[in-house]
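In what follows, a structure is listed as structure tokens, so that the remarks can point back to it.
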Amino acid sequence: MRALLVVNPAATTTSARTRDVLIHALASEMKLEAVTTEYRGHARDLARRAADSEDVELVVALGGDGTVNEVVNGLLHRGPDPDRLPHLAVVPGGSTNVFARALGLPNDAVEATGALLDALRENRDRTVGLGLAAGTPGTEDESVPARWFTFCAGFGFDAGVIGRVEQQRERGKRSTHALYIRQALRQFLDEPRRGRGAITLERPGHDPVHDLSLSIVCNTAPWTYLGNRPVYASPGASFDTALDVLALSRLSTASVARAATQLLTSSPERGPHGKHATSLHDLTDFALHSKVPLPFQMDGDHLGLRSSVTFTGVRRALRVIV
């Protein structure tokens, strides 16, 4: 098997020595080309070339969820074709690694490499669905290019939190769960629209849902992790279905405290609920519109402000080694 290993040298939880050990372990089982990324978007460019080649059978992403997202977007730059495209494998190296853990992989890079090698020897893989977000036709965002996401997207509050975290990381702060919690509190205190929200959800054949303050789009469950604790925003979300949505219509102190408590105590059976929570399951096509530009994120990557985003849930988009 010929494989491409895409290595993010800035991966949070792997050292240079660990990465060398992993590369040697993988190279002992396959014809491996290992390339270290040098700029934002490099992983996408490498995966695009692999997708267009005729002899690369596997692309391995060594890094966090951002690296995985770039690799997926490179592989699918011409669209999904799981029977033709190289398979994807993931060795987690980030601070949270939601996609890898949702697939059932160990969160330790060395253990995950061992699991990957076992899966290759036993020919274990699965086909996963993915989400696609694009600018909405007829809006000021219609020219925004489409982009795939693996586990979640957010429009509004949670994207604002991620934007704040990225600003702190640019200032030298480490990406920790405590950092996310602090920035979530600051985002809430600075939120100008705690009452009536600005977001409207539209989907074919249904009445619009108006005045939403927060919207989280999930492609799998859990939505994220706090340490080893899984957090379920949409417990029914799955790589085998389309997309789920959790939306809140108020960001008052009481409603946010209730939703935060429900998230921290969530389970595969139950997530946030109540009169201010809207939960929708297995949506193939829908759009989120806002009266004012709001922060937007995909797979934990802040993408700036948007006024409208159209989402598509694509089943059977990519084959993954598990």
Side-chain angles (χ1 to χ4, degrees), residues 40-41 44 48 69-70 72-81 129-163 166 187 191-219 223 233-234 237 241-251 276-318:
R40 189 182 183 97
R44 180 195 60 229
R48 180 189 292 121
N69 180 276
E70 284 196 19
V72 166
N73 275 277
L75 288 173
L76 273 65
H77 76 108
R78 297 185 187 275
D81 190 349
L130 298 171
L132 183 67
T136 303
T139 71
E140 61 184 30
D141 292 322
E142 66 179 342
S143 62
V144 175
R147 179 167 169 171
W148 297 92
F149 60 96
T150 63
F151 66 91
C152 84
F155 189 44
F157 182 83
D158 80 304
V161 174
I162 287 174
E166 290 189 0
Q187 177 72 16
E191 177 59 52
R193 293 171 291 277
R194 294 190 193 175
R196 182 175 296 238
I199 302 171
T200 296
L201 186 151
E202 295 182 348
R203 52 184 174 139
H206 296 80
D207 293 334
V209 183
H210 296 288
D211 302 329
L212 301 173
S213 296
L214 174 153
S215 53
I216 297 171
V217 182
C218 293
N219 186 50
W223 164 53
S234 297
T241 61
L243 302 173
D244 283 25
V245 176
L246 169 68
L248 300 181
S249 59
R250 293 192 65 187
L251 287 181
H276 297 303
T278 298
S279 296
L280 301 171
H281 176 61
D282 198 16
L283 304 186
T284 303
D285 299 284
F286 64 97
L288 295 172
H289 309 284
S290 175
K291 301 170 186 176
V292 295
L294 294 176
F296 179 59
Q297 67 89 10
M298 294 171 63
D299 285 349
D301 186 10
H302 187 264
L303 300 178
L305 302 178
R306 300 282 179 84
S307 296
S308 184
V309 186
T310 293
F311 293 89
T312 305
V314 181
R315 298 180 180 88
R316 290 186 48 80
L318 190 65

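FYI, the numbering just counts along the sequence from 1.
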Legend entry - Trp148 and Thr312, any side-chain heavy atoms less than 4.5 Å apart: no
Inset, instruction - Apply side-chain contact (heavy atoms from CB on, under 4.5 Å) to Arg203 and Leu280, showing your working. - result: CA-CA 11 Å; Arg203 52 184 174 139; Leu280 301 171; 3.5 Å; yes
Inset, instruction - Would you name the heavy atoms of Ala287 and Thr310 that are closest together and state the gap between them? - result: CB-OG1, 3.9 Å
Legend entry - Contact summary for Gly313 and Ala242, nearest pair of heavy atoms: CA-CB, 4.2 Å
Inset, instruction - May I have the step-by-step check of side chain to side chain donor-acceptor pair (under 3.5 Å) for Ser307 and Ser290, ending in yes or no? - result: CA-CA 5 Å; Ser307 296; Ser290 175; over 6 Å; no
Legend entry - Main-chain N/O of Ala198 paired to Asp211 side chain as donor or acceptor, under 3.5 Å: no
Inset, instruction - Kindly assign one of parallel, tilted or perpendicular to the pair Phe296 and Phe155, based on the angle between their ring planes and the thresholds 30° and 60°. - result: perpendicular
Inset, instruction - Would you check if Gln297 and Cys152 make a side-chain contact, meaning some heavy-atom pair closer than 4.5 Å? - result: yes
Legend entry - Closest non-hydrogen atom pair between Ala133 and Val309, with its separation: CB-CG1, 3.8 Å
Legend entry - Inter-residue atom distance Arg40.CZ - Glu70.CD, 0.5 Å rounding: 7.0 Å
Inset, instruction - Check Thr136 against Thr139 and note the closest heavy-atom contact, atom names and distance. - result: O-OG1, 2.7 Å
Inset, instruction - Would you give the length of the straight line joining atom CG of Asn73 to atom CG of Asp299, rounded to the nearest 0.5 angstrom? - result: 8.5 Å
Inset, instruction - Could you tell me whether the side chain of Glu202 and the main chain of Pro208 form a donor-acceptor pair under 3.5 Å? - result: no
Inset, instruction - Would you mind reporting whether Leu303 and Val144 have side-chain heavy atoms less than 4.5 Å apart? - result: no
Inset, instruction - Kindly indicate whether the side chain of Ser215, heavy atoms from C-beta on, has any atom under 4.5 Å from the side chain of Leu288. - result: yes
Legend entry - Check: Asp282 main-chain N/O paired with Asp244 side-chain donor or acceptor under 3.5 Å: yes
Inset, instruction - Check whether any side-chain N or O of His77 sits under 3.5 Å from a backbone N or O of Leu75 as a donor-acceptor pair, and report yes or no. - result: no
Inset, instruction - Indicate yes or no: at least one non-hydrogen side-chain atom of Leu214 is less than 4.5 angstrom from one of Ile216. - result: yes
Legend entry - NE2 on His289 to CG on Leu294, rounded to 0.5 Å: 13.0 Å
Inset, instruction - State, yes or no, whether a side-chain contact exists between Thr278 and Leu246 at a heavy-atom distance under 4.5 Å. - result: no
Legend entry - Gap between atom CG of Leu212 and atom NE2 of His276 - 0.5 Å precision: 12.5 Å
Legend entry - Carboxylate-amine/guanidinium contact Arg147 Asp301, below 4.0 Å: yes
Inset, instruction - Any chance you could measure Ser308, atom OG, to Glu142, atom CD, to the nearest 0.5 Å? - result: 10.0 Å
Legend entry - Non-hydrogen atoms of Trp223 and Cys218 that approach each other most closely: CD1-SG, 4.0 Å
Inset, instruction - Any chance you could lay out the side-chain contact (heavy atoms from CB on, under 4.5 Å) test for Val245 and Leu201, step after step, and finish with the verdict? - result: CA-CA 10 Å; Val245 176; Leu201 186 151; 3.9 Å; yes
Inset, instruction - Indicate yes or no: at least one non-hydrogen side-chain atom of Glu166 is less than 4.5 angstrom from one of Ile162. - result: yes
Legend entry - Heavy-atom side-chain contact between Val217 and Phe311 under 4.5 Å: yes
Inset, instruction - For residues Gly197 and Lys291, report the shortest heavy-atom separation together with the two atoms involved. - result: O-NZ, 4.4 Å
